Structures are given as C-alpha cells and as structure tokens.
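A short write-up of the structure that comes next.
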Amino acid sequence: MNTDPHIDDFAESNNPVVRKFNDYLDAHGLRRTTERYAILNRIMGINGHFTIEELQQMIDSDGFHVSRSTVYNTVELLMNAKMLRRHVFEGMQAQYECITLPHTHLICTNCGKVKEVRDTNFAAFMNARRFNAFNADHYSLYVYGICSTCARKLKRSKHAAKDEKKKNI
Ligand SMILES: [Zn+2]
Ligand SMILES: [Zn+2]
C-alpha cells in the first residue's frame with residue numbers, strides 16, 4: 001500500500017470537494033479510510049468520463065491496491081453524495097463523471113466516442129421549464145449520431161466499395 005502523505009491529509013483537507021465527501025461519510029457513520037481517499041483523489045484528477053475498469057487501472061498505476069468492490073462501493077457513495085453521475089449510453093459500459101455544469105453528450109454509434117458540448121440555449125430552456133406535479137433535479141441529454149472521423153472513414157470505405165464494384169464490371 002502506498003502511503004502518500006497527501007492522501008492522509010484528506011481527513012483534514014479544506015478542499016471543498018473533499019469536505020463534501022467527509023461530511024457525507026460523517027453524516028452516514030462511514031469511516032474515512034485511505035482507500036476511499038485514494039479513489040476520490042484519482043477521480044478528482046479525471047477530466048471527463050471514466051468506466052470502473054479505467055478507474056481501477058488508474059488507481060493501480062498510482063500504486064494503490066484497492067479491491068474492485070471497494071472501488072464500486074466508493075463510486076456508489078460518491079453518487080449518493082451527489083458528487084458523481086452515472087451515464088449508461090446505448091450499448092456501452094456504464095460511465096461516470098463528476099457533477100459539473102449541465103452539458104449535452106454527443107455519442108457516436110460507430111466508434112462509441114462521447115463528445116461533450118455546452119448548449120447555453122438548451123440549458124436556459126431547461127432551467128425555465130416547469131413540470132406539472134414534479135420537481136426537476138437534473139437532466140441528461142444524449143444525442144446519438146456519427147462523429148466526423150467516422151463519417152469520413154465511412155465515406156472513404158463506401159467510395160472504395162464503389163471503385164471495387166466498377167473494377168468487377
Ligand atoms: Zn465515431
Ligand atoms: Zn459528460
């Protein structure tokens with residue numbers, strides 16, 4: 001087990017993210033463990049989406065050995081603490097991300113790449129939107145399509161197929 005002093009400082013940290021997690025642990029009678037902080041520390045350094053598998057690999061390469069179930073449990077805690085969000089895009093493994101400003105996900109159905117875009121008009125529309133007998137908390141918008149890289153590749157292979165056909169005539 002790596003004994004990074006930075007991780008041990010987490011229990012006393014003034015970082016608002018760490019404090020939020022500490023408050024959550026305390027409120028639920030959960031222990032402030034090195035494993036939990038190692039996982040939180042890793043997640044705080046990730047920009048964008050990650051799968052449990054990717055997270056585990058990153059923690060391993062940090063020199064921590066944390067079981068898969070601890071990773072799952074901690075991710076679950078962070079979701080309950082409203083610090084992480086899970087996305088399940090069609091046909092893909094669950095992906096997680098830190099809760100940030102609302103954004104739209106553009107998902108390529110060919111390569112699985114997920115692009116994030118800020119759409120201020122849509123966000124303003126959703127913020128103003130009221131629902132009957134329902135208090136909205138957050139929303140997710142997934143837009144499926146083909147990314148430009150795949151579009152180019154698909155076009156090229158279509159041309160190649162056409163040329164092949166011509167040759168065979
Ligand atoms: Zn693509
Ligand atoms: Zn996202």
Side-chain angles (χ1 to χ4, degrees), residues 7 10 13 15-25 35-62 64 66 68-131 134-165:
I7 297 293
F10 269 48
S13 175
N15 180 306
V17 177
V18 180
R19 274 176 54 184
K20 192 171 180 186
F21 189 53
N22 285 340
D23 288 348
Y24 182 85
L25 293 178
E35 283 87 355
R36 285 177 178 151
Y37 291 133
I39 296 165
L40 176 66
N41 182 51
R42 215 336 109 205
I43 290 173
M44 284 165 70
I46 301 174
N47 196 358
H49 296 205
F50 60 89
T51 63
I52 291 281
E53 224 170 282
E54 287 164 346
L55 176 62
Q56 175 113 48
Q57 280 166 7
M58 288 186 251
I59 296 164
D60 282 347
S61 59
D62 283 347
F64 282 98
V66 180
R68 181 62 64 104
S69 65
T70 305
V71 175
Y72 265 115
N73 289 340
T74 307
V75 162
E76 200 72 30
L77 289 181
L78 287 162
M79 282 202 296
N80 293 337
K82 294 198 187 310
M83 296 171 72
L84 269 191
R85 190 158 288 156
R86 174 170 47 206
H87 293 290
V88 186
F89 302 123
E90 270 173 38
M92 286 187 236
Q93 261 180 31
Q95 297 182 28
Y96 300 83
E97 69 178 341
C98 295
I99 293 183
T100 54
L101 292 171
H103 54 268
T104 299
H105 293 106
L106 308 179
I107 304 122
C108 176
T109 50
N110 191 58
C111 69
K113 200 162 70 190
V114 179
K115 195 176 164 191
E116 303 187 306
V117 289
R118 287 263 156 76
D119 186 338
T120 46
N121 288 336
F122 186 74
F125 169 79
M126 284 306 288
N127 285 338
R129 183 81 172 87
R130 294 288 171 265
F131 299 92
F134 184 81
N135 281 327
D137 176 46
H138 64 275
Y139 66 86
S140 287
L141 179 62
Y142 302 165
V143 181
Y144 293 92
I146 301 286
C147 76
S148 59
T149 313
C150 287
R152 245 179 281 125
K153 271 190 210 153
L154 290 171
K155 209 172 163 190
R156 238 182 278 140
S157 61
K158 232 189 229 167
H159 277 304
K162 243 190 218 162
D163 290 346
E164 200 55 40
K165 243 190 205 164

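In this text the structure is predicted, and so the values were computed from the model without any measurement. Sequence positions, counted from 1, serve as the residue numbers for this chain. Counting convention: from 1, in listed order, for ligands and their atoms alike.
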For Thr70 against Ile39, the heavy-atom pair lying closest together: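 Smallest interatomic distance, heavy atoms only, reads O-CD1, 3.8 Å.
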Cys108 versus Ile146, closest heavy-atom pair with distance: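 What the structure gives for the nearest pair is SG-CA, 4.0 Å.
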Which atom, counting only N, O or S, brings Glu116 closest to the Zn ion (ligand 2)?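 It is OE2 of Glu116.
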Name of the Glu97 N, O or S atom nearest the Zn ion (ligand 2)?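 Distance check against the Zn ion (ligand 2) picks out OE1 in Glu97.
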Is there an N/O/S atom in His103 that lies less than 2.8 Å from the Zn ion (ligand 2)?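 Yes, within the cut-off.
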Set of residues satisfying side chain to side chain donor-acceptor pair (under 3.5 Å) with respect to Arg42, sequence neighbours excluded: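 Per chain and number, Arg42 pairs via side chain to side chain donor-acceptor pair (under 3.5 Å) with Asp62.
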Is [X] atom [atom1] crowded by more than 12 heavy atoms from other residues, nucleotides or ligands, each under 6.0 Å away?
{"X": "Arg68", "atom1": "CZ", "value": "yes"}
{"X": "Phe125", "atom1": "CZ", "value": "no"}
{"X": "Asn127", "atom1": "CG", "value": "yes"}

Do the rings of His87 and Phe89 sit parallel, tilted or perpendicular, given the 30° and 60° boundaries?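 The rings of His87 and Phe89 lie parallel, inter-plane angle below 30°.
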Sort by chain and number the protein N/O/S atoms that are closer than 2.8 Å to the Zn ion (ligand 1), and list them.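 The answer is Cys108 SG, Cys111 SG, Cys147 SG, Cys150 SG.
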